[in-house]
Structures are given as structure tokens and as C-alpha cells.
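Here the structure is laid out as C-alpha cells; the discussion comes afterwards.
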Amino acid sequence: MTADSLALFLAQSSWTSSLTTEEAARVRRAITLRSYPAGGAVFAKGTPTAHWAGVVEGMLKLDNITAEGRTSTFAGVPSGAWFGEGSVLKDEPRPYAVTALTDSVVALLPRSEFLRLLHESHPFALWLIGQLNARLAHYVALVQSDRLGDTTAQVAHSLSGLFNDALFPNTARRITLSQEELGRLSGVSRQVANRALQELQDRGAIRLGYGSIEVIDLKILQAIAREG
DNA sequence: ACATTAACGATGA
DNA sequence: TCATCGTTAATGT
């Protein structure tokens, strides 16, 4: 990973446009990049939250594992997204495990730099409020789809969430994500996810590939996510 | 009803 | 060769 790709990634991250030149330069110096293989652990649950993290390449998932070994995946994080600001703000240990779903590159901004931006940059603070608000809206919609929607709507919602423009502005149309992982993300079995995805494909929202999903019509996908 | 797990063969990378 | 996909059967709530 080169310094150029970090510069490109930061240029595509919307919050950097609100920074002064000096702030942007300081951020660039403070960030470290790390690579993870598919299946690799990015952060273990319960470890101190020392960084705010951005996904430069690949895709991560955030999940919890119960003592009995059952897992609950509650978020997928595609490339272009930043996450973990909640735990940085609260200064709490990571409340979830973070795992790379595909080979991934992650940018790490130390907590001290994040807090400095928050205190010194009014535009950054405003951007952060918008980010938290978009996340809240996403989970409000998730509860609604979970309570009222059929399984196809639930799968459509989980999938369309990865293409939420407010949260993930740069997600590519085609993402590398197995049906098993999407099932985990949607809270359904692989078999049910498979049927739902085929229905979404029949309705012209997506195209299925081997180990990948391509969104053909996001509007249709979002409409199906709201059905119920 | 409808979801889940288990199991199978087929197939793509 | 191995992961992933599509499908079916048995089982549970």
C-alpha cells in the first residue's frame, strides 16, 4: 500500500473536505495502514479502542459471538467507510469483533487525533453528527423491516444498507460477499438468503455471481426493502 | 406456514 | 482442490 493510495482514499472520504490544509496533513501523518487476509481478525472484542478506522480496500464485518458459539453479525463495512467513532467517543473497549471478509486494507487514525479534530474543527463535528444521524436512521429502518417485512425484505434491507450513500458513499456496484455471509448479515440461514437473492435477481434489483453480488437497480432494491 | 440444519451434487476460481 | 451455490429432506417453533 503506497502513500498515494492513502491520499486517494482520504480525498474520497467526505469528512476530509471540511479540514484545513494543516489538519489534513496532520491526519495523513497520523494514519497507519494495515492489511488483513480474508478471515483475519482486525480488532478483537473487548480490546481498547485506540483508533478510528476506515476501510481502504475490501470488506469487514462487525459481529458478536456468544459463549455457546452462536454469532450475530450486525454490520458489514464496505470499502470507503469509516467506523468505530461511537466507541472512540465513549472511550470503551470494542463491543464487537471486527473481521475481514475479503483481503482488506484498513486505515487507522489514533484516538487522540480523532478527538483533536472533534474539538478543533467545527465542520468535522458537524460531519460527525451527520454520520451518527445516518447510522441511527439505518437502524431505525432495520427494526421496521425486521418487525414488518418478510425475509426477502430483510435481506434486501441488509444488502441495500451496504450501498447507503450517507454512510458508504463509495461502495462499488459489485461487492465480493458470499450468500452465507449475507445470510449472517441478514439474520437468516444461507438457504433462505439464497432464495431471497434469487427473488431479488428475478425482480431486476441485483445480479448474482460466484461469491459476489452486483446491484443493478438500487431503487428497486430499496423499494423491496421497504415492503412488508 | 415458514425457518433451520443437514446433506447432496454441480460448478466456478 | 476447495469454496460456493442451488436444491431437497427432515425437523422445529
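Letters A, B, ... are given to chains in the order of the sequence lines, protein chains preceding strands, and every chain is numbered from 1.
- For the residue pair A:Ser104 and A:Glu57, no side-chain donor N or O sits within less than 3.5 Å of a side-chain acceptor on the partner.
- The pair A:Arg26-A:Glu120 counts as a salt bridge, with a side-chain nitrogen and a carboxylate oxygen less than 4.0 angstrom apart.
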Give every pair of a protein N or O atom and an N or O atom of nucleotides 9-13 of chain B that lie under 3.5 Å apart, one pair per line with the distance.
unit_1: B:dG12; atom_1: N2; unit_2: A:Tyr210; atom_2: OH; d: 3.4

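- Atom P of nucleotide C:dG6 and atom CD1 of A:Ile213 are separated by 10 Å, given to the nearest angstrom.
- In this structure, CD1 of A:Ile206 is placed 11 Å from P of C:dC5, rounded to the nearest angstrom.
- To the nearest 0.5 angstrom, A:Leu60 atom CG is 5.0 Å from A:Phe83 atom CZ.
- Taking five base pairs at each end of the helix from B:dA1-C:dT13 to B:dA13-C:dT1, the local helix axes there meet at an angle of 20°, rounded to 10°.
- With hydrogens and angles left out, the side-chain atoms of A:Asn194 and A:Gln198 include a donor and acceptor closer than 3.5 Å.
- Rounded to an integer number of Å, the gap from CG of A:Leu101 to C1' of C:dT4 is 15 Å.
- Near DNA chain C, defined here as any heavy-atom distance below 4.0 Å, the residues from residues 186-198 of chain A are A:Arg190, A:Gln191, A:Asn194, A:Gln198, listed numerically.
- Donor-acceptor pairing under 3.5 Å is recorded for the side chains of A:Ser87 and A:Glu92.
- A:Thr152 pairs in a side-chain hydrogen bond (donor to acceptor under 3.5 Å, both in side chains) with only one of the listed residues (A:His157, A:Arg195, A:Glu199), which is A:Glu199.
- Side-chain rings of A:Trp82 and A:Trp127 stay apart, their centers remaining 6.0 Å or farther from each other.
- Ion pairing between A:Lys90 and A:Glu85 fails under the 4.0 Å rule for side-chain N and carboxylate O.
- Between the CG atom of A:Leu177 and the P atom of C:dA3 there is a distance of 17 Å, rounded to whole Å.
- As rounded to whole Å, 9 Å separates atom P of B:dT4 from atom CZ of A:Arg70.
- With respect to the salt-bridge test (charged N to carboxylate O, under 4.0 angstrom), the residues A:Asp217 and A:Lys219 do not qualify.
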Please write out each protein N/O paired with an N/O of nucleotides 10-13 of chain C under 3.5 Å, distance rounded to 0.1 Å.
none

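- Applying the side chain to side chain donor-acceptor pair (under 3.5 Å) test to pairs two or more places apart or on separate chains, those with a residue in residues 36-47 of chain A are A:Lys45-A:Asn64.
- A:Thr151 has a side-chain polar atom (N or O) that falls below the 4.0 Å cut-off from OP1 or OP2 of B:dA3.
- Within 6.0 Å of the CZ atom in A:Arg94, the count of heavy atoms belonging to other residues, nucleotides or ligands exceeds 12.
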Please test A:Glu227 against A:Arg203 for salt bridge (charged side-chain N to carboxylate O under 4.0 Å, His left out), starting from the C-alpha separation and ending with a verdict.
CA-CA 13 Å; A:Glu227 287 175 8; A:Arg203 294 227 243 161; 3.1 Å; yes
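- In terms of the salt bridge (Lys or Arg N to Asp or Glu O under 4.0 Å) criterion, residue partners of A:Arg173 (sequence neighbours excluded) are, by chain and number, A:Glu214.
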